[in-house]
Amino acid sequence: MGAIFLLLLASSLHASSPPGEKPFPRREARRFPGCVRCCAPAELPGSITSSRYARMTSDSFYSMPKVQPTIDITILKGEKGEAGERGIPGPEGKAGEPGLRGYHGRKGQKGQAGPPGDSCKQHYVAFSVGRSKPLHSSDYYQHVTFDTEFVNLHKHFNMFTGKFFCYVPGIYFFNLNVHTWNYKETYLHIMRNDKEAAILYSQPSERSIMQSQSLMLDLQEGDEVWVRMFKRERENAIYSEEFDVYITFNGHLIKPAVE
C-alpha cells in the first residue's frame, strides 16, 4: 500500500506543475559498450572501433592530453669562441661643449731645491770694491788693485787681477771714486779691455779732494773693465788710509742683452 501511495503522489506532482514551465529534464542513462578485446584491436569489427573513436573524441572525459615538448637550450649551447680581430676605428665625433670649471685642488708640498744654474747666464750682476792703501805711480802705466770687497755677486770681479770680467752681455753702469793727494796730480783711466773708456783727472792742489767719474758701457761676453794709473812728468798718486777707505770702484748690470 505504501508503494502504491508514493506512485500516485509523484504522478500528481508531475501533473500539477505550473503552466509555461518546462519539466526537469530527465537524465539519460549512459550506455556502455559491450566487452571487447583490448589485446588485438585489429580483430574488432569496424563499427565498434569507429564508434569508440567518435565517442572518445567528442566526449571531454575521453579527450587525449596535448603534449608540448620543451627543449633545454643550455644543452644545445656550444663552447665560447675566440675573440675576433679589432675592427677599424670609426670617424671621430664632434667635440662636446666644455664642462664647468672644477674646484681648486689642494696646494702641493714644497719641492726640493734644484741644482744651481750656470753663473754665466745670471741676469743679476753687481760689484763694489775698495782700496785701503795709498798708491804712487812708479811706472808709465800702473794697474790699480783693490783689497776690500763690499759686494761681488757670482764673483765676476777678480780681486786678484783687479778686473771685472763680463759673463752676461748687456749695458753696465760703472763708477770710480778716489781721494787726491796734496800737491800731486791725479790721473786715472777706466779701461775697457786695452782701451781707455773714461778719464778721471785732478790737477795738483794744496787741498786734497774727492774725485768721481761715472759711465755706462755696452759690454759683450768676455770684455774686461779695470782701472789704471797714468804717469806723466808730474808725480801721480791717490790717497787712502788703512781704517778709512777713500778709493772705491763699483759696477752693476742695468739691462741684459737677452732677457
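FYI, the numbering just counts along the sequence from 1.
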Practice problem: Report yes if the side chains of Tyr187 and His189 come closer than 4.5 Å at any heavy-atom pair, otherwise no. | Solution: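 Side chain of Tyr187 against side chain of His189, heavy atoms only: contact under 4.5 Å found.
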Quiz item: Do Lys133 and Ser240 touch side chain to side chain, with heavy atoms closer than 4.5 Å?
Solution: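 Contact flag for Lys133/Ser240 side chains = no.
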Expected output: side-chain [X] to main-chain [Y] donor-acceptor under 3.5 Å:
X	Y	answer
Gln213	Ile199	yes
His154	Tyr124	yes
His252	Ser128	no
Asp147	Ser132	yes
Ser137	Met229	no
Thr180	Ile209	yes
Trp226	Asn193	yes
Asn175	Asn250	no

Exercise. Using ring-ring contact (aromatic ring centres under 6.0 Å, His included) as the criterion, point out the one residue from Phe146, Phe150, Phe249 that pairs with Phe127.
Key: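 Looking at Phe146, Phe150, Phe249, the match for Phe127 under the ring-ring contact (aromatic ring centres under 6.0 Å, His included) is Phe249.
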Do [X] and [Y] share a hydrophobic cluster, counting only Ile, Leu, Val, Met, Phe, Trp and Tyr and linking them when any side-chain heavy atoms are less than 4.5 Å apart?
X	Y	result
Tyr201	Tyr141	yes
Ile254	Val258	no
Leu176	Met191	no

Quiz item: Got a sec, which residues hit salt bridge (charged side-chain N to carboxylate O under 4.0 Å, His left out) with Glu241, two or more places apart in sequence or on another chain?
Solution: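 Partners of Glu241 under the salt bridge (charged side-chain N to carboxylate O under 4.0 Å, His left out) test: none.
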To the nearest 0.5 Å, how far apart are [atom1] in [X] and [atom2] in [Y]?
X	Y	atom1	atom2	result
Ile171	Lys255	CD1	NZ	6.5 Å
Gln109	Gln112	CD	CD	11.0 Å
Thr161	Glu224	OG1	CD	6.5 Å
Thr186	Gln211	OG1	CD	7.0 Å
Phe160	Thr145	CZ	OG1	10.0 Å
Cys166	Leu253	SG	CG	8.0 Å

State, to 0.1 Å, how close [X] and [Y] come at their nearest heavy-atom pair, and which atoms those are.
X	Y	answer
Ser208	His179	OG-CE1, 2.9 Å
Leu215	Ala197	CD1-CB, 3.9 Å
Arg131	Val144	CD-CG1, 4.5 Å
Val168	Pro256	CG1-CB, 4.3 Å

Quiz item: Between Ile190 and Leu200, is a side-chain contact (heavy atoms from CB on, under 4.5 Å) present by the stated rule, with each step listed?
Solution: CA-CA 8 Å; Ile190 298 177; Leu200 187 153; over 6 Å; no
Self-check item: Worked check of side-chain contact (heavy atoms from CB on, under 4.5 Å) between Val178 and Ile247
Solution: CA-CA 4 Å; Val178 298; Ile247 304 169; 4.1 Å; yes
Quiz item: For residues 189-198, which residue pairs qualify under salt bridge (Lys or Arg N to Asp or Glu O under 4.0 Å), counting only residues two or more places apart or in two chains?
Solution: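 Qualifying pairs, neighbours excluded: Arg192-Asp223, Glu196-Arg228.
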Quiz item: Do Lys184 and His136 meet the criterion of a side-chain donor-acceptor pair at a distance under 3.5 Å?
Solution: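 Yes - a donor-acceptor pair under 3.5 Å links their side chains.
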Exercise. Could you walk me through whether Phe164 and Phe157 pass ring-ring contact (aromatic ring centres under 6.0 Å, His included), step by step?
Key: CA-CA 4 Å; Phe164 169 76; Phe157 188 90; 7.2 Å; no
Quiz item: How are the rings of Tyr167 and His156 set to each other: parallel, tilted or perpendicular (split at 30° and 60°)?
Solution: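 The arrangement is tilted - the two ring planes meet at 30° to 60°.
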Self-check item: Pair Met216-Tyr172, side-chain contact (heavy atoms from CB on, under 4.5 Å): steps then yes or no
Solution: CA-CA 5 Å; Met216 289 191 295; Tyr172 286 79; over 6 Å; no
Quiz item: Stepwise, does the side-chain contact (heavy atoms from CB on, under 4.5 Å) test hold for Phe174 with Leu217?
Solution: CA-CA 8 Å; Phe174 295 96; Leu217 296 174; 4.0 Å; yes
Name every donor-acceptor pair, under 3.5 Å, that has one atom in a side chain of residues 91-99 and the other anywhere in the protein, sequence neighbours excluded.
none

